[in-house]
There are 2 protein chains.
Amino acid sequence: MRRRRSRRDKITLIDVARLVGVSSITVSRALRNPDKVSASLREKILKMVEELGYVPDFAARTLASRDSDVIGVVLPTLSNFALMSVMQGIEERIHQTHYRVQYAYTRFLEAAAVSQIRLFLAQNPAGLIVTGLSPSEETGAILRSADCPVLEVLDISEETYSGLRVGIDTREAARVATRHMLERGYRRFAMVGGPDSRSRLRHAGYCDVMQAAGLYDPVLDIVENEATSADLGCRLLRRLLDRVPDIDGAFCHNDDVALGMMFECRRVGLAVPQQFGLCGFNDLDFAAVSAPTLTSVRVPRYDLGVRAADMIIRAIDNPGLEPLSVDVGFTLVERESTLGRSAG
Amino acid sequence: MRRRRSRRDKITLIDVARLVGVSSITVSRALRNPDKVSASLREKILKMVEELGYVPDFAARTLASRDSDVIGVVLPTLSNFALMSVMQGIEERIHQTHYRVQYAYTRFLEAAAVSQIRLFLAQNPAGLIVTGLSPSEETGAILRSADCPVLEVLDISEETYSGLRVGIDTREAARVATRHMLERGYRRFAMVGGPDSRSRLRHAGYCDVMQAAGLYDPVLDIVENEATSADLGCRLLRRLLDRVPDIDGAFCHNDDVALGMMFECRRVGLAVPQQFGLCGFNDLDFAAVSAPTLTSVRVPRYDLGVRAADMIIRAIDNPGLEPLSVDVGFTLVERESTLGRSAG
DNA sequence: CTGTTAGCGCATTCAC
DNA sequence: GTGAATGCGCTAACAG
């Protein structure tokens, strides 16, 4: 049941060429390599292009050049606030170039990731940006075998495929946050994470510090299989209070979970930060203005996206580039929610 | 500075064809129109495709068939939670088909919207989904002239180009929310909106009701030019209290703004809902669990996305389809934040 | 600096 | 039900 295009008089290179009185390849060059065409011709051509409203056919271009000008971005999901800012940064930077961004979603499924990456690679992308991949034999091998530069974004504390990477040391960020809570006097605080690879790293960082302090207790180490949400934070707090009566705080893998906990604390009459310390992750916009304000780990997500785009473009232009791992750093933003048990 | 592909032995239809002992067109058919190939051949071909890991070349396919299997989605921005859910719904539905989704962002710029739409149309998309467009001569004309079905998503209270539409009556939603606040006894509540077209409609709905009640006051009718955020809500509340000392509530065009106001109310010692009524929009996940819980207008965003995808696919398959406008409806979810001046 | 020739990988059209 | 010829619109490689 395929529709028939009315094939309205599509304007092609040849139309432009004919009207200017040159060959089509010259028009092509005027558009793609302007410096290879004399100024006068170039001017005439561009004017005609403008006049006719000529728009290049990407498919034809890709087919002919074996080069698609597409930078593929593989994401685990659409509904992730942290990733959205990164994507915005990527878009912003790539928007200034002749490259185009194209997305694929894996829904956190390893198998989907593999097939999406394969699909991208089969279309000869100019470059590939991947996020949220767990290190695995299969993805690693595919990525290493890619014909185009591949950049991994977000975490740099684990090796996935040993190429270009930009992000933060997630595990260390978790260590810093955990240490902070210890310093503020909390002893029995939970760590709430998810099933994804970055959460795994946050758990690892939490364990590192808690075990060293002799305070690790598996009952506090929570892996949730659902997407982060304030609602989840609510439910979790109730569950935790039930199972661990002497709990005195939580380190959440996303601020929205912490937000939910904060609200639930209020409802059950638990004072934050005096009775319950709360630390989030991502420094979402409400963290700075909540009451109390929320301690969180800030990652320069937008800049990270711009940086990522920068790196992939550079790699595309310089095929011989060395593997490179860029750490954009994080900041623990200390706010009221972890002021400590003796807070005013 | 273009890289040279190592042109690794890309597997083509011809490779598959040769190995099976048929012509390439038969392989093509086995893949695209399975019923036009005998069962036995089809089976052999598909097995070989699998074995070789053949992946079709979209560019070649598009060029040859003048049909790209791409459904273009034009969005104002990446960082909009409401749109995100809609996109998820779209992805979910289209994922089950042979179509692919491709995005373009306009950054709320009319000019960008026009050029993005032009760009899409020049690539022969199978269909186009647009959101957040203001009704304008130019976009309307382009959309009407498109060779493919075009679907407008989100609001159906205004005409933009008179084709397929699915969404809610935003203006009516604003009316319902405004009436609700009046019924609960609030008289001097602000309406906070943005510069986009849906916000404009919310303002209009608010005006409709407030003017009819003889309570409209322009000082309460606020158009903000920055993206919604909790932080904005905070600042706005302070500004409002300053300028309108007798203010008794706010209807915000997004829940995050209401959230910020809620926090700021707490800080300045204003009781919600007794002294200040608060109504949001979009029913984001925290609205149901905040303290107090937040009254909001719920729009079935995910389903809306699925529905949108459904509609565009149907329109693609049935070229002669009539213009159609589907109202998915909204719900005012009444919660604690508008319980009224005499609450609890 | 410009043109000619050829072909990217696939699907349409018409044969058989 | 299957195949042969042809061309989609553009650009690479070479020529001039």
Side-chain angles (χ1 to χ4, degrees), chain A residues 1-18 20-45 49 52 54-70 98 119 122-124 126 147, chain B residues 1-18 20-45 49 52 54-70 98 119 122-124 126 147:
Chain A
M1 190 70 50
R2 312 203 61 61
R3 69 210 162 291
R4 195 92 340 274
R5 252 316 114 52
S6 56
R7 166 79 56 81
R8 55 190 61 218
D9 29 35
K10 167 152 193 165
I11 294 146
T12 72
L13 270 190
I14 297 185
D15 299 323
V16 180
R18 203 150 28 204
V20 176
V22 294
S23 77
S24 64
I25 183 68
T26 304
V27 179
S28 169
R29 281 199 271 254
L31 260 28
R32 302 282 285 183
N33 304 72
D35 42 315
K36 291 195 163 189
V37 174
S38 71
S40 60
L41 250 189
R42 193 190 329 155
E43 206 170 315
K44 272 199 284 191
I45 291 172
V49 163
L52 295 180
Y54 165 75
V55 179
D57 184 313
F58 292 151
R61 185 177 271 182
T62 301
L63 185 58
S65 72
R66 318 256 331 94
D67 237 0
S68 70
D69 283 2
V70 163
H98 67 281
L119 203 56
Q123 314 306 324
N124 293 314
D147 275 338
Chain B
M1 192 69 53
R2 312 200 63 62
R3 67 210 164 292
R4 195 91 341 274
R5 244 332 105 52
S6 53
R7 168 79 55 82
R8 53 191 62 217
D9 28 37
K10 168 151 192 165
I11 294 145
T12 72
L13 271 190
I14 298 186
D15 299 322
V16 180
R18 202 150 29 205
V20 176
V22 294
S23 76
S24 64
I25 183 61
T26 305
V27 178
S28 170
R29 281 199 270 253
L31 259 28
R32 302 282 284 183
N33 304 72
D35 42 315
K36 292 196 163 186
V37 174
S38 71
S40 61
L41 250 188
R42 193 190 328 156
E43 205 171 315
K44 271 198 286 190
I45 290 172
V49 163
L52 294 179
Y54 166 75
V55 179
D57 184 312
F58 293 150
R61 185 176 271 183
T62 301
L63 184 58
S65 72
R66 319 269 323 104
D67 238 358
S68 71
D69 282 3
V70 163
H98 68 279
L119 202 58
Q123 313 306 323
N124 292 316
D147 275 338

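Lettering of chains follows the sequences in order, A, B, ..., and the numbering in each one begins at 1.
- For D:dG3, the OP1/OP2 oxygens have a side-chain nitrogen or oxygen of B:Thr26 closer than 4.0 Å.
- Within the nucleic acid shown, B:Leu13 comes within 4.0 Å of sugar-phosphate atoms alone, with no base atom in reach, counting heavy atoms only.
- Between A:Ile14 atom CD1 and D:dC10 atom C1' the separation is 9 Å, expressed in whole Å.
- Ion pairing of B:Asp147 with A:Lys10 is absent here, as no side-chain N (NZ or NE/NH1/NH2) approaches a carboxylate O to less than 4.0 Å.
- No hydrogens or angles were tested; on distance alone, nothing pairs the side chain of A:Arg66 with the base of C:dG7 as donor and acceptor under 3.5 Å.
- When the nucleotides D:dC8, C:dC1, D:dT11 are ranked by their closest atom to the side chain of A:Ser38, C:dC1 comes out on top.
- Under a 4.0 Å N-O distance rule, the pair B:Arg32/B:Asp69 qualifies as a salt bridge.
- Residue A:Ser23 places at least one side-chain N or O closer than 4.0 Å to OP1 or OP2 of C:dG3.
- For the OP1/OP2 pair of D:dG9 and a distance below 4.0 Å, the side-chain nitrogens and oxygens of A:Ser24 include no atom meeting the criterion.
- OP1 or OP2 of D:dA12 has not a single side-chain nitrogen or oxygen of A:Ser65 nearer than 4.0 Å.
- Closest to the A:Leu41 side chain, of the nucleotides C:dT2, C:dT13, C:dG3, is C:dT2.
- Closest contact between the side chain of A:Leu63 and the listed nucleotides C:dC8, C:dG3, D:dG3 involves C:dC8.
- With DNA chain C read from its 5' end, the first of the two nearest nucleotides for B:Ala60 and B:Ile25 is the one closest to B:Ala60.
- As judged by a 4.0 angstrom heavy-atom cut-off over every strand, B:Phe58 is placed among residues making no nucleic acid contact.
- Which of C:dA11, C:dG3, D:dG3 sits closest to the side chain of B:Arg61 comes down to C:dA11.
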